[in-house]
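One structure below.
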Number of protein chains: 2
Amino acid sequence: MPMNKKKLQSEQTKKKLADAARMLFSTKGYKGTSIEDIVAATGSSKGNIYYHFQSKEGLFQYLLEEWDREWIEQWAAKEHQFTTLKEKMYGLAEQMVVNDLNHPLTRATDEFMSSEWERSDVQENAAKFIASHIEFNRKMLQEAMDKGELAEDNVQMLAVVLESLLIGLAETSKRSASGETLELYRKALDVFLDGTVKRL
Amino acid sequence: MPMNKKKLQSEQTKKKLADAARMLFSTKGYKGTSIEDIVAATGSSKGNIYYHFQSKEGLFQYLLEEWDREWIEQWAAKEHQFTTLKEKMYGLAEQMVVNDLNHPLTRATDEFMSSEWERSDVQENAAKFIASHIEFNRKMLQEAMDKGELAEDNVQMLAVVLESLLIGLAETSKRSASGETLELYRKALDVFLDGTVKRL
DNA sequence: ATTTATACTGAACCTTCATTCAGTATTATA
DNA sequence: TATAATACTGAATGAAGGTTCAGTATAAAT
């Protein structure tokens, strides 16, 4: 799209800044990440960050929107590969883990929401992401339930349970060796589907 | 224990400060909570906080230790009531939800760990809490597995899955009506035990 | 080639916030 | 009652961090 050299450079810089910021926010949290941290990580200048983004808050919201956009896009591109709920969930796990686009920001988002509680627009915006995520789960589970894959149950509640599990996994997997992360996700989803009790 | 009026007053004040701090840390995060916030919540003075606690960091670590201590204590007092794993887990849920002593601090702890990454002592101390929590799960699950309640499986991994679920529940339940929290926990633990798929 | 717009720099600014400390009030001790 | 210890206050300090802006370089347009 950008035919001239300048726009191209500019977009690359913006991406570089966004990438660094996402990684920092996800590991150090929202308040824990300073503009100076991003400067140190990118070699760019403070002013340049404010040239590309309105503010720290704006930068974070940009990441949230980008996240949401790319998430939906990527999922749409591969969803048709899967038929059973289990396959879908494994696909979900893979998308979440492999290109860790998803939850790196969940904790920071939550922190962001409670810390920047004052602004109703911020609150509203960020809450939307959480809600849409649960809604995504709800639809997936409802569909499986309609097909008879899942036992009849309170879908909304199961969606929240699944969301909780995924958020928690994102949390704990930051502390474990990344090689085992996908394995952990799969095991967790197995448990979600099949439980842990001994069958007779 | 404190026979004189002054010590008694002092301990009450310290408790008041700790209680307010715990609530603030759990909702606003570690960095998101300022000493000024605690001042506003308690009516106490800045200096008084530093009279009772070494620093903000020290205050947080105090809360972690207190949490760990009370958690173990309370669990020990009621553990014998439960026999099956399901009962134990429901008891766990109740302890976690009703007197929300447990996880209020999990997110803040994680933020604390990654943000205060520099100090190795802090790191070490806080990591211990996470590890001991997983170890607690592991023992409980191992015991149930030995009794034949659970299917043979990778206990360590299940312990991490359970921990993830609990962390995530703590996270999401902050956003939902508190009346439904216990119900959500129970449903989540049901899922952990029995899964969600339709049985033939 | 000159002008204009875009991309970027870094020092200065200002607010927030943790921490300190000199002083005060209250209770315990002698 | 006098002295000492304890519990507290709140203004001052200094560091950290978000934001601004005047200026510079580079590319696009005329």
Side-chain angles (χ1 to χ4, degrees), chain A residues 1-21 24-25 27-63 108 111-112 114-119 122, chain B residues 1-21 24-25 27-63 108 111-112 114-119 122:
Chain A
M1 210 64 46
M3 52 237 302
N4 59 69
K5 192 177 173 184
K6 211 162 191 183
K7 268 224 167 81
L8 184 70
Q9 259 297 349
S10 182
E11 287 189 16
Q12 284 178 349
T13 313
K14 185 167 185 176
K15 178 166 167 25
K16 187 180 67 178
L17 291 172
D19 287 345
L24 287 165
F25 280 137
T27 55
K28 304 185 65 171
Y30 179 69
K31 290 246 179 188
T33 301
S34 67
I35 302 294
E36 191 58 46
D37 286 337
I38 304 175
V39 166
T42 57
S44 182
S45 72
K46 270 189 176 181
N48 198 25
I49 295 172
Y50 282 86
Y51 177 76
H52 287 285
F53 306 96
Q54 302 166 356
S55 59
K56 186 185 178 183
E57 182 184 304
L59 167 52
F60 190 79
Q61 298 223 47
Y62 173 86
L63 291 178
E111 184 204 338
F112 180 70
S114 55
S115 125
E116 230 76 356
W117 186 269
E118 306 86 36
R119 327 180 88 80
V122 169
Chain B
M1 212 64 45
M3 53 237 302
N4 58 69
K5 190 177 175 185
K6 212 162 193 185
K7 268 223 166 84
L8 185 70
Q9 259 297 349
S10 183
E11 286 188 17
Q12 283 178 350
T13 311
K14 186 167 184 175
K15 178 165 167 26
K16 185 179 68 179
L17 291 171
D19 287 345
L24 287 165
F25 280 137
T27 55
K28 304 185 65 171
Y30 180 70
K31 290 244 180 190
T33 301
S34 67
I35 301 294
E36 189 60 41
D37 287 336
I38 304 175
V39 166
T42 56
S44 183
S45 71
K46 272 189 177 181
N48 198 25
I49 294 172
Y50 283 86
Y51 176 77
H52 287 286
F53 305 96
Q54 302 165 357
S55 59
K56 185 183 179 183
E57 183 185 305
L59 167 53
F60 191 79
Q61 297 222 47
Y62 173 85
L63 291 177
E111 183 205 338
F112 180 69
S114 54
S115 123
E116 229 77 357
W117 186 268
E118 306 87 34
R119 327 181 88 79
V122 170

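So that the names make sense, note that chain A is the first sequence line, chain B the second, and so on, each numbered from 1. Atoms considered below: every heavy atom in the structure, side chains included; atoms not considered: hydrogens, waters and symmetry mates.
- Between the CG atom of A:Asn4 and the C1' atom of C:dA7 there is a distance of 12 Å, rounded to whole Å.
- Between B:Glu11 atom CD and D:dT6 atom C1' the separation is 13 Å, expressed in whole Å.
- Both B:Gln54 and B:Lys6 lie near DNA chain C, and the one whose nearest nucleotide falls closer to the 5' end is B:Gln54.
- Where B:Thr13 and A:Asn48 meet DNA chain D, the nucleotide closest to each residue was compared, and B:Thr13 sits on the side nearer the 5' end.
- Rounding to whole angstrom units, NE2 of residue B:His52 and P of C:dT19 are separated by 17 Å.
- Here the shortest heavy-atom pairing between A:Ser55 and A:Gly58 reads OG-N, 3.0 Å.
- Between A:Lys7 atom NZ and C:dA7 atom P there is a gap of 7 Å when expressed in whole angstrom units.
- Residue A:Ser45 is the one, among A:Ser45 and B:Tyr50, whose nearest nucleotide of DNA chain C lies closer to the 5' end (criterion: closest heavy atom).
- A:Leu8 has its CG atom 12 Å from the P atom of D:dA27, to the nearest Å.
- A:Ser10 meets the side-chain contact (heavy atoms from CB on, under 4.5 Å) test with A:His52; sequence neighbours excluded.
- Residue B:Leu24 comes nearest to B:Ala41 through the heavy atom pair CD1-CB, 4.2 Å, listed as atom of the first residue, atom of the second, then distance.
- The closest side-chain heavy-atom distance from B:Ile38 to B:Leu59 is below 4.5 Å.
- Regarding B:Lys31, its NZ atom lies at a distance of 16 Å from the P atom of D:dA15, rounded to whole Å.
- Look at B:Tyr51 and you won't find any side-chain N or O under 4.0 angstrom from OP1 or OP2 of D:dC8.
- Every residue two or more places apart in sequence or in another chain was checked for a side chain to side chain donor-acceptor pair (under 3.5 Å) with B:Ser45, and none qualifies.
- A close approach under 4.0 Å does not occur between any side-chain nitrogen or oxygen of B:Ser44 and OP1 or OP2 of D:dC8.
- Within the 4.0 angstrom heavy-atom criterion, base atoms lie near A:Lys46.
- Rounded to an integer number of Å, the gap from NZ of B:Lys16 to C1' of D:dC8 is 11 Å.
- Under a cutoff of 6.0 Å and an axis angle of 45°, A:Lys14 and A:Tyr51 do not form a cation-pi pair.
- Nearest approach of A:Tyr30 to A:Glu111, heavy atoms of both residues: N-OE1, 2.8 Å.
- Listed by residue number, the members of residues 33-40 of chain A with any heavy atom below 4.0 angstrom from DNA chain C form an empty set.
- For a distance-only test at 3.5 Å, the side chain of B:Lys5 fails to qualify as a donor-acceptor partner of the base of C:dT27.
- Taking atom CZ on B:Phe60 and atom P on C:dC17, their separation rounds to 18 Å, with Å as the unit.
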